[in-house]
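Worksheet: one structure, shown below.
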Amino acid sequence: MTNFPVLSAIVFVPLLGAVGALILPRLAGWGWALLASLVDLALALLLIPRLGTGTTHMLALNEHMPWLPDAGISYTLSADGINLFLICLNALLTVVAVGASFGVARSGDRPRQYLMLMLLLSFGMQGVFLATNLFLFYVFWEVMLVPAYLLVGMFGGPQRGIAAIKFVLYTTAGSLLMLVAIIATGIEVSSTHHTAFTLDLAALLNAGVPGNVQTVLFLGFAAAFAVKAGLFPLHGWVADTYSETPVAVLVLIAGVMAKTGVYGFVRFCLPLFPQGVHSLAPIMETLAVASIIYFALEALVALDFMRLLAYVSISHLGVIVLGIFALNTQGIEGAIVQMINHGIIIAALFLIAGAIEARTGTRRLADFGALATKLPWLATVFMIAALSALGLPGLNSFAGEFLAFLGTFQSSIVFGVLGTLVVIPAAWYMLRFFQGAMEGVTPEGGAVASARVADLRVGEWLPLLPLLALIIFLGIVPNTLTAPMQQPVGEIVSSYAPATPSAFEAPGANGHVHVYHPIQVQTIQTQTIQTRHIYVLQMTNALASGEREQARVGA
Amino acid sequence: MQVSAYLIVSALLFTIGAVGVLVRRNPLVMFMSIELMLNAVNLSFMAFAHFLNSVDGWMFVFLVLTVAAAEVVVGLAIIVSIFRSRHEIDVDDLTMLKG
Amino acid sequence: MVNLTPFILLLPLVGFAVLGLVGRVLPRAAISLIGCGVVLAAFVLAVIDFFSMLGVAPEARFSDVLPWTWVTSGSVTIPFGLLSDPLSAVMLLIVTGVGFLIHVYSIGYMEGDPGYWRFFSFLNLFIFAMALLVAADNFLMLLVGWGGVGLASFLLIGFWYTRPSAVAAARKAFVVNVIGDFGLLLAIFLIVKDFGTLQYIPLIVHPASAGTALPSLPLPFPDATAIALLLFVAAAAKSAQLPLHVWLPDAMEGPTPVSALIHAATMVTAGVYLVARASAIFTASPTALAIVGIIGGATAFMAATIACVQTDIKRVLAYSTMSQLGYMFMGEAAGGFSGGIFHLTTHAYFKALLFMAAGAVIHALGGEQDMRKMGGLRGRLPQTFWLFVIGGLTLAAVFPLSGFWSKDGLLSAVLEKAQTGGGTGWYVLYAVGLFTAILTGFYIFRLIFGIFFGRYRGGAIAAHGAAPAKRGGTRDPLANVHEVGAAMMVPMVVLGILSVIGGFYGTPWSDWIGQFLEPVTHTTNTGIAPGNGLFWLAFVLGLVTGPIGIAIAWARYAQREPRFGASRNPLVILLQHKYYIDELYDAVIVVPIVSLGVFWRIGLEGGFFEGGSLGLGHLVGGISRGLRRLQTGYARNYALAILVGAALLLVYYVIHP
Amino acid sequence: MIFAATSPFTYTPSLTDWLRIVPELILLAAALLTLLADLVGSPGRKGWLAIIGLAGAICALVATQMLWVGGSIGEAFYGMVNDDYVSLFANIVILFALGIALLFSPGYIERQGITHEGEYYTLLILAALGMMVMSAASNLMVIFVGLEILSLALYILSAIVTTRRRSQEAGMKYFILSSFASAFLLYGMALTYGATGSTNLTAIRTFLSSHGTFPLGSGFGPLLLVALGLMAVGFCFKVSAVPFQAWTPDVYVGAPTSITAFMSVGTKVAAFVGLVRVFFFALPSLSVEWQPVFWVIAVLTMIGGNLMAASQRDVKRMLAYSSVANAGYMLIAVATHTQAALQGLFIYLATYAVMNLGAFGVVLAIERRDGQGTTLDDFAGLGRRHPALAALMALFMFALAGTPATAGFIGKWYVFYAAMTGGHTELAIIGVLASLIGVYYYLRVVWAIYFTEPATAPLLVLAEEPTPEREPAATTTAGGGVALAEPATAAQPTTSTKVLPADRHTTHPATWLGLALAGVLTIALGIVPMLMVEWALAAAQTLFK
Amino acid sequence: MAAGVIAFFVLATVSVASALGVVLFRNPVYSMLSLILNLLSLAFFFLMLEAIFVAAIQVLIYAGAVMVLFLFVVTMLTPSGGGISGPDRLRWQWGAGIGLGIILAGGLIIALLNGSIAEGAKAAGMNGLAQAVDHFGNTEAFGQALFHGFSFPFELTGVLLVVAVLGAVVMSRRFARE
């Protein structure tokens, strides 16, 4: 089993599914697509025991194959605690999205293309999450865009064409700059160290990017990532795209694709350009805070609930960016946790919004009221998702936001406070949406008053259930997510923190340099870190470490 | 004679030909202007060949002559063809394709 | 000692889950059984915990259960831990005990509501969250419970979700509470920053406990004031203290049992609990304590003044709750942490009682809450009347009811603080406290007289389920008004008894509760000792203030036709409008934020971003069309372009070398 | 004999010389065979002429392969042609383009009613021959003659639809402007000859490298520099660089689409190979002088081409401007002047060839009888009418837009990579920004295909009215899609029952084959480009010493 | 020598004047004749440059055969007024053309005056034309080179002529099918 190229399988199973979905007729194609996405999910989940132990290094599990060696291009996939759950998320949301597309498959327009593109999108995103050769990453990055463009444009609302082209132009503008930065990174590394041109992340990390160019290179990468994450002021595409896209597609676009941007920051920018990131972190944090607050306010006054959710989504992505650029363990871990949580929640919210729109035919908030009397289960599900979205402690989003804000606060009190402030408008706009739709009085004569009264059907329940389960489960035990990323995140943070040994810091942060071996297909294990059972008496150390922590933060 | 003298005559002829293409709208005259340019170049070739003691120039002139003849054939055929279909040969009338 | 806390939490959670998922199809009896049963079981467990705790030495009354690690991130480890210590034991008793009584009461009160199962489900959720809040062993789990009770409160205020006023009230409550959460979050961040942990054990254990095995808080520590004030932001939001009090009166839109349980007995006291829990942090910052005291005093006074003019009976009680909570904070600010908790317990009894009794009245009158339309119900509802009076007397701190002891303890602590060098400000606070006590007696008996005395002023009351009585009929309008059933009456009686006797475990002479809480709260101020010269003065002042207020109320309202109507007195108008604070917030916060949002939507989002990208598109399109006009179609123009290019190249090469 | 064996007066070609031009000879034979075979058979049924041409192209391709793998390569005919990896690489691309164009032709000729089929095929093959000669040339005069062969053939092919004014106009404009530009090229050659004493590229190179101080130190500088500039004009005209691009859209639109497809690719290959042979191989010591010029031209071309394409609604014309824009990207490689850049240029040429041929192929497949019907409106709803054509067009559009995993990206990658290693990051940045505009107009085609419905209502309704029994006939369509009328036919509703069946054309099987080939290669070169990269490297190493 | 110089200047004047005539004559027939004059003057230049054979074919083929064809077409297409009617829509091109012409000519002349034949190239005697002429005779030298070293381009011209012939056929022959 160790020789089985599981990472490649994870990437290419959706492609297989796409091919089948294109060939097979309606429901057979749907079944095939669902099967493929389930297999993909199973494969992704199988990785958890291998990488979820908390002791695997960054880029621990690798698959490597030369591609265009002269140009430093290789087919290299890597998995570790950072992308582990993002892969799972993508696989899960693909299942959800395919599952939610049953109606299209049964009686919708162009079902084969629809399912094919959806799986193609999933394929691209798995690739983005797994690729660690910069070229390969870029390939997948753009491959992901094609089905997204077609899905929005072919199956979207009345303004779909404009929305799709806007989406593509925004994202391409960013990614083309990233392309330049990718090449420049390879060139700078090879010319500084007089080595062969390579774009393997591991090799680049081992060599190190020269400090003087890091800022510029970072900006190149950041352009692509920030656009994808809808960071203020590069968000122009988001609201239009989200409000035009069919919800099952949005599950993938908002749920997963938006994460690729923030993932890119963690995977590439932070380890590769520590100096650049360090010098520009305040700007990124400022933008993140601006995103958070600005989009929260926009969500507060949105008239249409799809746009509202779009703003909600990017406002929360701002939190993730904020956490990442806190550049400490809590911030980054919180950001990654939040990537997962955000994916789950936003997918659930969009599914719910879609269910509401399907029943009422409108998305104007003013048209709504008292739907809960007709749709109690929908209201319940909506409530849970909304509560999670507004960061209710005890549900999944809280854990990630908490860590992200905590990290931010430790690196900068001002940004921490400003970022945390979002919890107030978050509660406001989510309740405005929830209560506006579900509670109060139905406006007379509106579309809602005469809406169909059927509550959630089985076909709508099934995609939502796993999401709800995760919303609750990950709220109770967020450690499931953070444990595997301790080591890799520690290694990232080690380039930012002074090498102070600390009993509570991950070993990678001890100034110990880890050498990444992308070539061997193996999982690198170090000595087991002592398990962290916390007992009351052990807490006696806490204060001492707290002081160190303070010193570290102050420095 | 200096080679420059021939070259300057050649340059003048070439320029006149080039300007001729620009200012005349009769394709035949434009065509003649192009011939003029080719011949100007031929003069340069011959001068260089002479002063360089190199046969390449001669050969080149010979080729240019052939090419010019071939171009004349094709060009005149196209012009005649156009004349046949529209009984006008003003180049400025050929503006269906633009923008 | 045993630590059954996990089960205390688990039981109501199970109840919530079961009722929430399948409650719709369960029969009413099963719903009542499950809903009340789990809380009763939890109460029993809490009692067992409590007594087993009594069995061990005070220093050993700490037991931490850590089922799993909630999250570990870098140097921060946060377990899902449950701490059983004297403070949490007391709180759990109150939460489950009073909670159980209110569950039972609800069986009667909510009878016939279509959302019966939902109601009990939410109540169980509340009990779970509140239990988690008080049993958490670290600030983060406290925050989880904190958010949970906020949610339950939101759900229950908005229980009748088709009433726009209830929906708005629920949202307001939630959003204001989130402001508190924000404060708590920031406090947590600061605590992590300073200490690297969120566990109570190293934080709250005071130097006084030196000699035990537990570590102690270093004094002074950085950011003490900031942490304390941020914690107090949370406490103020939850406990409806100035300036975050605006949600509580509106929260009375919820069913009355909710008001009794959440907005009187338990949830709103979470702030008091939090301050007591973090007493070590507050003690480290005199500044923060002073601010807490000022806010507490101001709230106590202001809420009492508003309560004097309200006509909605539940709102009167709501303002009363705010006022009483203000007392508790005042006392805690003076260092009387255990006194605060003591008052919390007695307040739970009598305020729950008052709300229940008010609920009984409302229930009897078919939902009427305006006391201008009441009066003369004494005859119809005698048991309710007497229970109401007991509650009122306790609230007015009439000797020797429980309220007297606990309120006296708080005021006494304030006086002690003033005397031992707290500064003149504390004397002012003490005076405010005394004056508020008079107001307290006044407004609660204004309420009682308004409801039960004088002539009935309202319309005819329909029988439950019957059509409204015909107008102009000769029948007694109160013919259908009956005393409530046993399910509602029994809990009231129990609480009535508790209100009467509940104060004897905290008298100045034998402050049992203070000693019990000592290992946790490290109360520095237990009030003026009986030996002190001022003791008797204070005691007497405490004795008379309540009755003075009652007497004034008697004078004004114990008549056949009391005037509750409009007044031209500007002070009264100011009070009737609650100092215009809601309006102020609307004008200063809500409207600007929403306007900014709208302005951005139109100006930035629609104008700059949308217009910008479209403009860029048009620009490119325009340039494109402009350039294409160069493509004239004239071959001679094209030749010209070639020649221009050639000439430029030539000129470049000729002049360049 | 006073002359050595290498003297022009005594040099005698040997068998080796002939062997080195076998691909060209095969093609010539094929051309002549087509001409002869044209005498047989009746007009209108001459698709098999294409088969002869195709056979010739394949044989030439095989010969090229054999030369590459094991043949003796090198200069031939007194250094007139150079049978090296560069010319072999160019041969592959040109022959591929020829093959695809031949596949496209039968169906297109049939539909457009082009009469001179025999001449059409012969000229097409001879144009390819001219391109091959030009790219194999190692002497200025062979470059010139090769250029003239391909140009003359293309003038005629552009104008070959003698009944159509646009075609005539295209031929005329192309003829005048191309001759005009050729004159500049020729003048540049003459001056080069004068300044260096030879027309042989190797000799020029040797001469320039052996005169170390030349050119700027002595008085010969201006002569050679002016020569440089004039030759740049000639080549830039052929590759459609701004400001010499003006002919491109008009000629591409006016010419028959199969010819446009071929010339957009073949001319670029030949012209670029000629260009790099002159500038990279013969004049590398002057690179300081010509690099800035090409820098400016590259920037102008990228920006100008993309901008002008942005607002086009006619897809054929848009592709013409896109051809200009792509020339700009290729000129980045020229301006960079490194071996990697040369490799990038070759890769770009090859990748551009496959996807551009494909794109024109789809345009050709949907073009109407009157040579119109290639606007975005005509593409509207193509995804429903002709799913396969639509998918292919989308593929080519994405490829042209530079989407990874297609050939288009590989080309762009290597060019930008080379630009940056060569120190021209600014060109790469301008390039990517310009290609952003490209993304817009390429994807607008995809938009039309998939995101919009046909501009007019189905013509079935119109057809139904006069003769209801025709309806079944009208609903069946060979494309397999839903039968919807072309928008323009709706303009003549009265005769629609006649027009409808006539204008619903099927796509010829050979066209399908060509499109499939282009499609497969577009993806294959994007995913497994190793062989092409290797060949391009070999070619680059040959030329860039 | 002086005779050579005088002849050169006469020929230069004639050629430039006739070139101007090509451009400036309104009637294309005059332009045509002017072109022939120009070609002839060039042939004399070639003679001066000792290229006898080239001069001969210049007169025979170019000024003769080709121009006759030209003349034929010109006269055919310009029955009256040159087949051009209507006002010139691009009159401004006269200004632009003349301006650019001056720049072009100026630039070329400056460049040409600054440079002359490379001494090195001259010294290399590249491929010894003069010796060949001495050895074979003028025309024979031309032939030797054409059939030996330059046989390939020479053969290519065959292809070129095939193309031209095909072009003429395509453009002028019409099928009934149209």
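In what follows, chains are A, B, ... by sequence order, proteins preceding strands, each numbered from 1.
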Mind ranking [options] by heavy-atom pairs under 4.5 Å with chain E and telling me who comes out on top?
{"options": "Val74(B), Val67(B), Val80(B), Leu13(B)", "value": "Leu13(B)"}
{"options": "Met30(B), Met46(B), Met59(B)", "value": "Met59(B)"}
{"options": "Val72(B), Ile79(B), Ile78(B), Leu76(B)", "value": "Leu76(B)"}
{"options": "Ala49(B), Gly17(B), Ala70(B), Gly75(B)", "value": "Ala70(B)"}
{"options": "Leu43(B), Val61(B), Leu12(B)", "value": "Leu43(B)"}

What closest approach, in Å, do [X] and [Y] show between heavy atoms, and which atom pair accounts for it?
{"X": "Val73(B)", "Y": "Ala168(E)", "value": "CG1-CB, 3.7 Å"}
{"X": "Ala69(B)", "Y": "Val66(E)", "value": "CB-CG2, 4.0 Å"}
{"X": "Pro28(E)", "Y": "Val29(B)", "value": "CB-CG2, 4.0 Å"}
{"X": "Val19(B)", "Y": "Gly97(E)", "value": "CG2-O, 3.3 Å"}

Non-hydrogen atoms of chain B under 4.5 Å away: do they reach the side chain of [X], the backbone, both or neither?
{"X": "Phe150(E)", "answer": "side chain"}
{"X": "Leu24(E)", "answer": "backbone"}
{"X": "Ile61(E)", "answer": "neither"}
{"X": "Leu35(E)", "answer": "side chain"}
{"X": "Phe70(E)", "answer": "both"}

Distance in Å, [X] [atom1] paired with [Y] [atom2], rounded so as to fall on 0.5 Å steps:
{"X": "Leu22(B)", "Y": "Trp94(E)", "atom1": "CG", "atom2": "CH2", "value": "10.5 Å"}
{"X": "Ile52(E)", "Y": "Trp58(B)", "atom1": "CD1", "atom2": "CH2", "value": "7.5 Å"}
{"X": "Thr66(B)", "Y": "Ile57(E)", "atom1": "OG1", "atom2": "CD1", "value": "7.0 Å"}
{"X": "Asp93(B)", "Y": "Arg89(E)", "atom1": "CG", "atom2": "CZ", "value": "5.0 Å"}
{"X": "Ile109(E)", "Y": "Thr15(B)", "atom1": "CD1", "atom2": "OG1", "value": "7.0 Å"}
{"X": "Leu42(E)", "Y": "Leu36(B)", "atom1": "CG", "atom2": "CG", "value": "8.0 Å"}

Using non-hydrogen atoms and a 4.5 Å limit, figure out which bit of [X] sits close to chain E: side chain, backbone, both or neither.
{"X": "Ile16(B)", "answer": "both"}
{"X": "Glu35(B)", "answer": "both"}
{"X": "Val91(B)", "answer": "neither"}

Heavy-atom side-chain contact between [X] and [Y] under 4.5 Å:
{"X": "Leu63(B)", "Y": "Thr157(E)", "result": "yes"}
{"X": "Ser34(E)", "Y": "Met32(B)", "result": "no"}
{"X": "Leu112(E)", "Y": "Ser4(B)", "result": "no"}
{"X": "Asp88(E)", "Y": "Asp92(B)", "result": "yes"}
{"X": "Phe46(E)", "Y": "Asn42(B)", "result": "yes"}
{"X": "Phe8(E)", "Y": "Val9(B)", "result": "yes"}

For residues Phe154(E) and Phe62(B), establish whether the separation of their ring centroids is below 6.0 Å.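 Yes, the ring of Phe154(E) comes within the 6.0 Å limit of the ring of Phe62(B), centre to centre.
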According to the salt bridge (Lys or Arg N to Asp or Glu O under 4.0 Å) rule, which pairs have a member within residues 6-26 of chain B, sequence neighbours left out?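 Non-adjacent pairs meeting salt bridge (Lys or Arg N to Asp or Glu O under 4.0 Å): Arg25(B)-Asp90(B).
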Which one wins on heavy-atom pair count under 4.5 Å against chain B: [options]?
{"options": "Gly167(E), Ser15(E), Gly95(E), Ala96(E)", "value": "Ser15(E)"}
{"options": "Leu156(E), Val163(E), Val16(E), Leu100(E)", "value": "Val16(E)"}
{"options": "Ala12(E), Ser18(E), Pro153(E)", "value": "Pro153(E)"}

Of all pairs that satisfy side chain to side chain donor-acceptor pair (under 3.5 Å), the ones with a partner from residues 50-60 of chain E, not counting sequence neighbours: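 Only Asn39(B)-Gln58(E) qualify under side chain to side chain donor-acceptor pair (under 3.5 Å).
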